[in-house]
There are 2 protein chains.
Amino acid sequence: MRRDVFQAIADPTRRAIIALIAIQAMTPNALSEHFDSTRQTISKHLRVLTECQLVKQEHRGREIYYQLEVDKIKEIDKWIAQFRKIWENRYDQLDDLLLTIQHIQDQ
Amino acid sequence: MRRDVFQAIADPTRRAIIALIAIQAMTPNALSEHFDSTRQTISKHLRVLTECQLVKQEHRGREIYYQLEVDKIKEIDKWIAQFRKIWENRYDQLDDLLLTIQHIQDQ
DNA sequence: TATATATGCAGCCAATTGGATGCGCAAATT
DNA sequence: AATTTGCGCATCCAATTGGCTGCATATATA
């Protein structure tokens, strides 16, 4: 099983789950009320999220509260960071200039 | 076909392609030299990346240079942004305090 | 003009995925 | 003690995915 963070957030339902529990910890039952899928299907999604440590469980009697592991989101942010410097250092003017230089070289 | 940015970056090979062309535009042939997969497989990955507009083509004779669409990466960053305020406003001290309050309430 | 090179597309296949259903188990509630 | 509630797990299934091979097409090159 691959089970990495990027594969986990590929599914729209799982992203929605993440967004919901980011606000407050929730049980599988409470979560499934927000979706058309069955509780078991949501449970399966939570398993994927747990396996890649994007969420953690907090047992409370027979209920299990799922809570976001914000640090794991940072992992995605870390991957994005390598491109951030590109769009931060890119200005329209500079773009035009480079394009012009390229055209001259092509001739 | 789903073909959204999150599904696109779920595959490790596609993430590697993105990282490579972020430095400089590359042809499918040049790209496939960096992987064990065949040129056609890389081409298929490039198709996925093109369809969700993470890359754009620049035709040059019989060669096609693939170039990163940095703006599309921002879309992922935008999704991450909603969680950034959580980890920025979260300090260990505050965490401990909240945990203590919760324990008191549980009693 | 014939050949080599660069590429995309169609089709095939095994593996994975997201969904449902039907359990079993543990904790509350009656 | 019996029942209800909350949950995870195993299994099944159709759809998707990532990889391959074998083309067809377009552009360079001999």
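Below, chains carry the letters A, B, ... as their sequence lines are ordered, and counting in each starts from 1.
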Does this structure show an ion pair linking A/Glu58 with A/Arg60, if we count only N-O contacts that are shorter than 4.0 Å?
yes
Under 4.0 Å between a Lys/Arg side-chain N and an Asp/Glu carboxylate O for A/Asp77 and A/Arg84?
yes
Is B/His45 near enough to D/dG19 that one of its side-chain N or O atoms lies under 4.0 angstrom from OP1 or OP2?
yes
Considering just the side-chain nitrogens and oxygens of B/Gln7, establish if one lies under 4.0 Å of OP1 or OP2 belonging to C/dT17.
no
Compare the minimum distances between each of D/dC7, C/dG8, C/dC9 and the side chain of B/Tyr66, then state the nucleotide with the smallest one.
C/dG8
Using whole Å, report how far CZ of B/Arg3 lies from P of D/dA15.
17 Å
Using atom NZ of B/Lys44 as one end and atom C1' of C/dC12 as the other, report the distance to the nearest whole Å.
10 Å
Between A/Arg62 and C/dT29, is there a side-chain N or O to OP1/OP2 distance below 4.0 Å?
no
What is the distance from OH of B/Tyr65 to C1' of C/dA6, rounded to the nearest Å?
11 Å
Quickly work out the A/Ile42 CD1 to C/dT21 C1' distance and round it to whole Å.
16 Å
Residue-phosphate contact under 4.0 Å: A/Thr13 side-chain N/O, C/dG18 OP1/OP2:
no
Spacing between B/Arg47 atom CZ and C/dG11 atom P, to the nearest angstrom
12 Å
Hey, any chance B/Val48 and B/Ile17 share a hydrophobic cluster, counting ILVMFWY side chains that come within less than 4.5 Å of each other, even indirectly?
no
DNA chain D-proximal residues of residues 33-41 of chain B, any heavy atom under 4.0 Å:
B/Ser37, B/Thr38, B/Gln40, B/Thr41
